[in-house]
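Below you'll find the structure, written out as structure tokens, and then a few comments.
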Amino acid sequence: MDLEEMKNIWQQHERELKQTRMLNERIISNMLKEKSANAMRTMSSTEYLSAGLCAALLLIFVTMGSRI
């Protein structure tokens with residue numbers, strides 16, 4: 001194996017490594033986006049549930065206060 005063949009093989013491996021690295025970065029980026037979207041969805045649903053609970057409790061206290 002001469003030097004030119006080794007250079008060509010090395011360059012091919014380098015290209016494959018770059019492609020693999022780009023693919024891995026895309027996969028990780030997509031995973032992080034999905035994870036953050038799920039976290040935001042969970043937080044917003046918790047906020048809506050808390051607001052509904054507060055509104056229900058306020059309504060109960062207001063109706064109880066008007067009876068006294």
Side-chain angles (χ1 to χ4, degrees):
M1 192 179 271
D2 64 344
L3 185 59
E4 284 301 316
E5 287 179 35
M6 289 178 69
K7 284 182 182 179
N8 290 336
I9 291 172
W10 184 264
Q11 288 175 352
Q12 183 176 351
H13 286 301
E14 195 67 29
R15 284 192 297 270
E16 290 174 3
L17 179 63
K18 284 181 184 180
Q19 289 175 350
T20 304
R21 184 176 290 152
M22 285 181 11
L23 180 61
N24 287 342
E25 287 174 357
R26 284 184 194 162
I27 290 170
I28 290 171
S29 175
N30 287 339
M31 288 173 58
L32 289 174
K33 285 179 186 177
E34 287 180 21
K35 188 173 182 176
S36 63
N38 288 339
M40 290 298 291
R41 200 174 305 121
T42 302
M43 288 185 344
S44 64
S45 64
T46 304
E47 288 291 323
Y48 288 132
L49 180 65
S50 298
L53 182 62
C54 285
L57 288 174
L58 181 65
L59 182 64
I60 290 171
F61 286 129
V62 166
T63 55
M64 287 178 68
S66 64
R67 290 183 186 173
I68 296 177

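Hydrophobic cluster membership of Trp10, counting Ile, Leu, Val, Met, Phe, Trp and Tyr whose side-chain heavy atoms lie under 4.5 Å apart directly or via other members: none, as it forms a cluster of its own. In the hydrophobic clustering (ILVMFWY side chains linked at under 4.5 Å, chained through shared members), Met40 is joined by Met43.
Partners of Asp2 by side chain to side chain contact (heavy atoms under 4.5 Å, CB included), not counting sequence neighbours, listed by chain and number: Glu4, Glu5.
Within the model, atoms OG of Ser29 and CG of Asn24 stand 12.0 Å from one another, a figure rounded to the nearest 0.5 Å. Interatomic distance, Ile9 CD1 to Glu14 CD, rounded to the nearest 0.5 Å: 14.0 Å. Going from atom CG of Leu58 over to atom OG1 of Thr63 covers 9.5 Å, rounded to the nearest 0.5 Å.
By the criterion of side-chain heavy atoms lying less than 4.5 angstrom apart, applied directly or through intervening Ile, Leu, Val, Met, Phe, Trp or Tyr residues, Leu23 is grouped together with Met31 in one hydrophobic cluster.
Side-chain contact between Gln12 and Asn8 is absent, with no heavy-atom pair separated by less than 4.5 Å. Contact check for Met22 versus Gln19: no side-chain heavy atoms found under the 4.5 Å cut-off.
Using modelled atom types, one finds a donor on one side chain and an acceptor on the other under 3.5 Å when comparing Asn38 with Arg41.
Minimum heavy-atom separation, Thr46 to Thr42: OG1-O, 2.8 Å.
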